[in-house]
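These notes concern the structure reproduced below.
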Amino acid sequence: MLDFQFAVVSDLHIALPTTLQKNSHRLHLFEVSIPALEAVLEHLSQLDLAFVLLPGDLTQHGEPANHAWLSERLAQLPFPAYVIPGNHDMPVAEADGHAIAPEEFPSYYRAFGYGATNQLYYTQQVLPGVRLIALNSNQFDRQGNQLGRVDRTQLKWLEKVLAAAQEELVLVMIHHNLVEHLPGQARHPLGRRYMLRNAPVLRNLLKTAGVQLVFTGHLHVQDIAQTQGVYDITTGSLVSYPHPYRILGLQTTNQGQQLQIESPRVKSIPDYPQLQQMSRQVMGDRSVPFMAQFLTQPPLNLSSEEAQKLAPSLRYFWAAIADGNPKFDFPDFPEPIRSYFESFSRPSQPALDANATTLVL
């Protein structure tokens with residue numbers, strides 16, 4: 001297998017100015033989506049990339065105009081691009097005049113993985129000996145509510161694809177997280193919506209097939225987590241601090257295959273010359289109400305009054321999580337609150353650095 005380099009750019013949330021929905025409470029900035037993407041593509045176009053992966057939330061809220069714009073922009077790239085839908089890309093079970101219906105998604109991205117299929121998942125040999133499996137994790141319950149799950153039909157299809165790909169290096173791309181990136185993420189009321197509901201089922205399938213590399217988004221944080229030999233490499237959003245993307249290189253050595261991971265950030269764009277500082281401040285200011293809500297949830301279950309007192313001290317908690325490799329110290333917090341929040345710290349020398357590391361496969 002030849003050595004090669006590729007990139008991951010996640011949660012673009014493309015929003016044309018005519019579609020921009022203003023919301024002073026969200027932790028991210030849809031208004032920087034297009035210039036941030038242009039800055040990334042300018043950098044990536046200077047590299048010798050084999051392809052780029054975009055693991056979902058391509059648009060603000062599934063607007064046809066934003067899907068059309070992105071499709072046209074990806075067609076201009078000097079390397080192939082492969083996409084999957086995120087929960088924002090088809091937020092409703094049926095088209096409502098503002099967002100596309102799920103069955104419309106493939107038609108926008110024929111040249112970016114879907115080809116002639118009308119399924120929301122696909123597989124493609126991206127290089128000799130390298131296979132991409134792109135899964136759809138966006139489902140709707142009977143009431144039309146979204147949930148993260150891989151349905152049975154897709155799982156049966158996946159089993160057949162994996163059986164036929166035993167001699168290939170398999171890369172899996174899916175929007176929802178397959179492995180926990182935060183303590184108790186699969187159980188926490190606010191964290192579990194970012195997890196795949198039947199994650200153990202999919203992990204077991206991949207483990208049995210010897211698949212090690214899964215690329216996710218959705219959570220808007222930089223992290224790499226591993227369980228059962230399966231790595232979940234989740235990439236932060238281009239529209240929220242720290243505006244990261246990833247450049248990855250697969251190398252074959254005498255010891256086997258290695259995946260080198262780097263994580264540049266968009267630092268400056270027109271109208272936002274100090275993007276990092278501004279974005280971190282915005283996230284800090286807007287996260288206080290979110291952290292107050294977080295404190296009232298299990299396992300802490302604080303009263304609203306107690307939560308309001310502590311929340312300002314957690315102003316930059318989520319920004320540190322999003323940045324990757326956080327280290328927390330809250331000496332003024334009473335137990336068990338102090339221990340709980342400090343448990344989100346990564347080790348001083350993490351085995352899996354969230355931003356720059358080498359995985360031995």
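Just so you know, these numbers use all the heavy atoms, side chains as well, and skip hydrogens, waters and symmetry mates. In this chain, residues are counted from 1 in sequence order.
- Counting heavy atoms from C-beta on, the side chains of Leu54 and Ser10 never come closer than 4.5 Å.
- Taking 4.5 Å as the limit, every side-chain heavy atom of Gln222 sits out of range of all side-chain heavy atoms of Asp323.
- For His28 and Tyr241, the ring centers are positioned 6.0 Å apart or more.
- Phe294 and Phe290 have tilted rings, their planes meeting at an angle from 30° to 60° on a 0 to 90° scale.
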Check your understanding: Stepwise, does the salt bridge (charged side-chain N to carboxylate O under 4.0 Å, His left out) test hold for Arg338 with Asp329?
Key -> CA-CA 8 Å; Arg338 175 180 179 176; Asp329 183 19; 3.4 Å; yes

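- The distance from atom OG of Ser137 to atom CD1 of Ile174, rounded to the nearest 0.5 Å, is 4.5 Å.
- With a 4.5 Å cut-off on side-chain heavy atoms, Ile224 and Asp232 do not count as touching.
- A salt bridge is defined here as a Lys NZ or Arg NE, NH1 or NH2 lying under 4.0 Å from an Asp or Glu carboxylate O, and Arg346 with Asp223 meets this definition.
- A salt bridge does not link Arg149 to Asp141: none of the charged side-chain nitrogens sits closer than 4.0 Å to a carboxylate oxygen.
- The two residues Pro289 and Arg286 come nearest to each other via the heavy atoms CD-O, 3.4 Å.
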Point to revise | side chain to side chain contact (heavy atoms under 4.5 Å, CB included) between Val201 and Val150, intermediate numbers included | key: CA-CA 9 Å; Val201 175; Val150 177; over 6 Å; no

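- Shown here is Asp48, whose CG atom has no more than 12 heavy atoms of other residues, nucleotides or ligands within 6.0 Å.
- Considering all non-hydrogen atoms of both residues, Gln293 and Leu190 come closest at NE2-CD2, 3.9 Å.
- Open room surrounds CD on Glu305; 12 or fewer heavy atoms of other groups in view lie less than 6.0 Å from it.
- A 6.0 Å sphere centred on CD of Glu335 holds more than 12 heavy atoms belonging to other residues, nucleotides or ligands.
- A salt bridge links Glu38 with Arg73; the closest basic N to acidic carboxylate O contact falls under 4.0 Å.
- Counting non-hydrogen atoms of other residues, nucleotides and ligands closer than 6.0 Å to CG of Asp271 gives a total of 12 or fewer.
- Of all non-hydrogen atoms in Gln276 and Pro242, the two that sit nearest each other are NE2-O, 2.8 Å.
- No more than 12 heavy atoms of other residues, nucleotides or ligands shown are found within 6.0 angstrom of CD on Glu94.
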Tabulate below the donor-acceptor pairs under 3.5 Å that side-chain atoms of residues 307-316 make, not counting sequence neighbours, or state none.
residue: Arg315; atom: NH1; partner: Asp285; partner atom: OD1; Å: 3.1
residue: Tyr316; atom: OH; partner: Gln281; partner atom: OE1; Å: 3.0
residue: Tyr316; atom: OH; partner: Gln281; partner atom: NE2; Å: 3.3

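- In this structure, Ile34 and Leu37 have side chains that are not in contact, with every pair of non-hydrogen atoms separated by 4.5 Å or more.
- Here Phe6 and Phe51 bring their ring centres to under 6.0 angstrom of each other.
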Review point. Passes side chain to side chain contact (heavy atoms under 4.5 Å, CB included), Leu147 versus Arg197? Steps please.
Key: CA-CA 8 Å; Leu147 51 87; Arg197 293 200 178 190; 3.8 Å; yes

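- Distance alone, capped at 3.5 Å, places no donor-acceptor pair between the Glu262 side chain and the Asn355 backbone.
- The neighbour count for Gln277 CD, taken as heavy atoms of other residues, nucleotides or ligands under 6.0 Å away, is above 12.
- Aromatic ring centroids of Tyr194 and His220 lie 6.0 Å or more apart.
- Here the rule is ring pair (Phe, Tyr, Trp, His ring centres under 6.0 Å) with Tyr114, and of Tyr121, Tyr109, Tyr108, Tyr122 only Tyr122 fits it.
- Taking all atoms of both residues into account, the shortest heavy-atom contact from Val32 to Val239 is CG2-CA, 4.1 Å.
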Exercise for review: Evaluate the salt bridge (charged side-chain N to carboxylate O under 4.0 Å, His left out) criterion for residues Lys156 and Asp151: first the C-alpha distance (whole Å), next the side-chain angles of each, then the deciding distance (0.1 Å), finally the verdict.
Suggested key: CA-CA 9 Å; Lys156 291 181 179 178; Asp151 61 273; over 6 Å; no

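- Between Pro326 and Ala320, the shortest heavy-atom distance links the atoms CB-O, 3.7 Å.
- Note: Met283 CE to Arg26 CZ = 12.0 Å, rounded to the nearest 0.5 Å.
- Two rings, from Phe344 and Tyr340, have their centers less than 6.0 Å apart.
- Val172 is listed as a side-chain neighbour of Leu135, based on a closest heavy-atom distance under 4.5 Å.
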List the atom pairs, donor and acceptor, that lie under 3.5 Å between side-chain atoms in residues 82-92 and the rest of the protein, sequence neighbours left out.
residue: Tyr82; atom: OH; partner: Gln124; partner atom: NE2; Å: 3.4
residue: Asn87; atom: OD1; partner: His175; partner atom: NE2; Å: 3.0
residue: Asn87; atom: OD1; partner: His218; partner atom: ND1; Å: 3.2
residue: His88; atom: ND1; partner: Gln60; partner atom: O; Å: 2.8
residue: His88; atom: ND1; partner: His61; partner atom: ND1; Å: 2.9
residue: Asp89; atom: OD1; partner: Leu58; partner atom: N; Å: 2.8
residue: Asp89; atom: OD1; partner: Thr59; partner atom: N; Å: 2.8
residue: Asp89; atom: OD1; partner: Thr59; partner atom: OG1; Å: 3.0
residue: Asp89; atom: OD2; partner: Asp57; partner atom: N; Å: 2.9
residue: Asp89; atom: OD2; partner: Leu58; partner atom: N; Å: 3.0
residue: Asp89; atom: OD2; partner: Gly86; partner atom: N; Å: 2.7

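- Taking both residues in full, the closest heavy atoms of Val130 and Phe4 are given as CG2-CE2, 3.8 Å, listed atom of the first, atom of the second, then distance.
- Every side-chain contact (heavy atoms from CB on, under 4.5 Å) that Asn118 has, sequence neighbours left out, goes to Arg110.
- Gln185 places a side-chain heavy atom less than 4.5 Å from the side chain of Leu219.
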